[in-house]
Amino acid sequence: MEKLFEDINEYQFIKMMETGKKYMALMSRYRCAIMEVETKLRVLNEEFSSQYDRNPFESIKSRLKSPISILEKLQRRGVKLTEDNMAAAIEQNLNDVAGLRVVCSFQEDIYRLADLLACQDDVKVLRVKDYIKNPKPNGYRSLHLILEVPVFLEEGKTPIKVEVQFRTIAMDFWASLDHKLRYKKNIENEEEIMEKLRQSAETIAALDSEMQSIRNMIERSSI
C-alpha cells in the first residue's frame, strides 16, 4: 500500500484511527445514524404487521466500515490524510461508512419500504442506485439508497450519511455466495464460472418475479 502519511506507516495510522478521539467520536455518530434508520424501518415493519398482517422485511443487518477499508477506499480516491483532517476527509469523501442491509421476501416490498423511508421529513435522499431494474453486468441486484439523517447530540443536530441496501432473500443469497467466491485465488475456468453466476442471477430474478405473482394471486383471492 502506497503511503498516505509521510511520518508513520499504514499500521500506525490505522491504530491512530482506532484510538483517536476525533475518529472515535465520528464512528459514534455513524452508529447513532444506523440506530436512527433501523428504528424507522422497525416502526414501519410494526405498522405493516398490525395493518396488513404481514412483515415487509425478514431481517436487518448493520455494519461500520473497518479502519483498513476506510483507508483503502480513501487511497483509491487519492485523498491524503493527516491526523487533523481525518474525520472531515471521511465525512466528505465516503457515503457508506455506516451501512444497513434490509432483506425482504418480495420485490414490491423493497420499493414500498424504500419509498416510505425516503418520504419521511427528516430523511434526505442523496443518491439512488437501482441495481434491480438495472443489474450489474455480473448479475448483482439490489436497491441502494444513500440517505442523510439527523443525529441529535449534546452539541446539537448533526446530519450523517447512511447507505441502505434492499434485497430479496434470493438476491441476498446470490450476493453472499458471489462475495465468497470472489475472494478465492487462482480459480480455473474463471470466465465460465462468472457466466454461470450471471445465469444463476437471472434464474433468481425469475424466481422472485414468480413468487411475487403467487403472493398477488393469494391476496386477490382472499378479498
Can you give the donor-acceptor pairs under 3.5 Å from side chains of residues 114-123 to other protein atoms, not counting sequence neighbours?
unit_1, atom_1, unit_2, atom_2, d
Gln120, OE1, Lys40, NZ, 3.0
Asp122, OD1, Lys40, NZ, 2.9
Asp122, OD2, Lys40, NZ, 3.0

For residues 90-98, dump all side-chain donor-acceptor pairs below 3.5 Å to protein atoms at least two apart in sequence or in another chain.
unit_1, atom_1, unit_2, atom_2, d
Asn93, ND2, Ala89, O, 2.8
Asn95, OD1, Lys161, NZ, 3.3
Asp96, OD1, Lys73, NZ, 3.3
Asp96, OD2, Lys73, NZ, 2.8

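The backbone N or O of Gln199 sits less than 3.5 Å from a side-chain atom of Thr203, completing a donor-acceptor pair. Here the side chain of Ser49 pairs no donor or acceptor atom with the backbone of Arg54 at under 3.5 angstrom. Under a 3.5 Å cut-off, the side chain of Ser176 and the backbone N or O of Asp172 do form a donor-acceptor pair. Of the possible polar contacts, none joining the Ser28 side chain to the Met24 backbone as a donor-acceptor pair under 3.5 Å is found.
Take Asn45 and apply the side-chain hydrogen bond (donor to acceptor under 3.5 Å, both in side chains) test, not counting sequence neighbours, and it matches no residue. With sequence neighbours excluded, no residue forms a side-chain hydrogen bond (donor to acceptor under 3.5 Å, both in side chains) with Arg63. Applying the side-chain hydrogen bond (donor to acceptor under 3.5 Å, both in side chains) rule to Ser69 yields the partners Ser66; only residues at least two apart in sequence or on another chain are considered. Residues forming a side-chain hydrogen bond (donor to acceptor under 3.5 Å, both in side chains) with Arg127 (at least two apart in sequence, or on another chain): none.
When all heavy atoms are compared, the tightest approach of Ile132 to Asp130 is N-OD1, 2.9 Å. The heavy-atom pair separating Cys32 from Val151 by the smallest distance is CB-CG1, 3.6 Å. Ile204 and Trp174 get closest at one heavy-atom pair: CD1-CB, 3.5 Å. Nearest heavy-atom pair across Leu113 and Cys104 is CD1-SG, 4.0 Å. Of all non-hydrogen atoms in Phe106 and Met211, the two that sit nearest each other are CE2-O, 3.5 Å. Summarising the geometry of Ala201 relative to Gly139, their closest heavy-atom pair is CB-O, 3.4 Å, with the distance given to 0.1 Å.
Note: the hydrophobic cluster containing Ile34 also contains Met27 (ILVMFWY, side chain heavy atoms under 4.5 Å, direct or indirect links). Residues Val125 and Val162 fall within the same hydrophobic cluster, defined by Ile, Leu, Val, Met, Phe, Trp and Tyr side chains chained together at heavy-atom separations under 4.5 Å. Linking Ile, Leu, Val, Met, Phe, Trp and Tyr residues whenever their side-chain heavy atoms come within less than 4.5 Å places Leu64 and Tyr23 in a single cluster. Put simply, Leu207 and Ile214 are part of the same group of oily side chains (I, L, V, M, F, W, Y) that touch within less than 4.5 Å, one to the next. Cluster membership for Val164 and Ile60, using ILVMFWY side-chain heavy atoms within less than 4.5 angstrom, is shared.
The cationic group of Lys133 lies under 6.0 Å from the six-membered ring centre of Tyr111 and within 45° of the ring axis, placing it in a cation-pi geometry.
Counting non-hydrogen atoms of neighbouring residues, nucleotides and ligands closer than 6.0 angstrom, the CZ atom of Arg112 reaches no more than 12 such neighbours. Heavy-atom neighbours of Gln51 CD from other residues, nucleotides or ligands within 6.0 Å: above the threshold of 12. The number of heavy atoms from other shown groups lying within 6.0 Å of NZ (Lys124) does not exceed 12.
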Check: Could you go step by step and tell me if Gln212 and Asn216 meet the side chain to side chain donor-acceptor pair (under 3.5 Å) rule?
Finding: CA-CA 6 Å; Gln212 181 71 63; Asn216 292 345; 3.2 Å; yes
field: Leu147 and Leu126: CA distance, side-chain angles, deciding distance, side-chain contact (heavy atoms from CB on, under 4.5 Å) verdict
entry: CA-CA 6 Å; Leu147 307 177; Leu126 301 179; over 6 Å; no
Assess whether side chain to side chain donor-acceptor pair (under 3.5 Å) is satisfied between Tyr140 and Arg167, documenting all intermediate values. CA-CA 10 Å; Tyr140 174 84; Arg167 300 175 183 171; 3.2 Å; yes
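Here the straight-line distance linking atom CD of Glu163 with atom CD1 of Ile146 works out to 4.0 Å at 0.5 Å rounding. The distance from the CD1 atom of Ile68 to the CD atom of Gln75 is 8.5 Å, given to the nearest 0.5 Å. Leu44 contributes atom CG, which lies 11.5 Å from atom CG of Asp109 (distance to the nearest 0.5 angstrom). Rounded to the nearest 0.5 angstrom, Gln165 CD and Leu100 CG are separated by 9.5 Å. The distance from the NZ atom of Lys129 to the OG atom of Ser142 is 11.5 Å, given to the nearest 0.5 Å. Expressed to the nearest 0.5 Å, how far CG of Leu71 lies from NZ of Lys65 amounts to 12.0 Å.
Looking only at side-chain heavy atoms (C-beta outward), Arg198 and Met194 stay at 4.5 Å or farther from each other. Contact of the Leu143 side chain with the Val128 side chain is registered, since non-hydrogen atoms from C-beta on lie closer than 4.5 Å.
No side-chain donor from either of Gln107 and Thr168 sits under 3.5 Å from a side-chain acceptor of the other.
The existence of a salt bridge linking Arg42 and Glu38 is confirmed by a sub-4.0 Å separation between a basic side-chain nitrogen and an acidic carboxylate oxygen.
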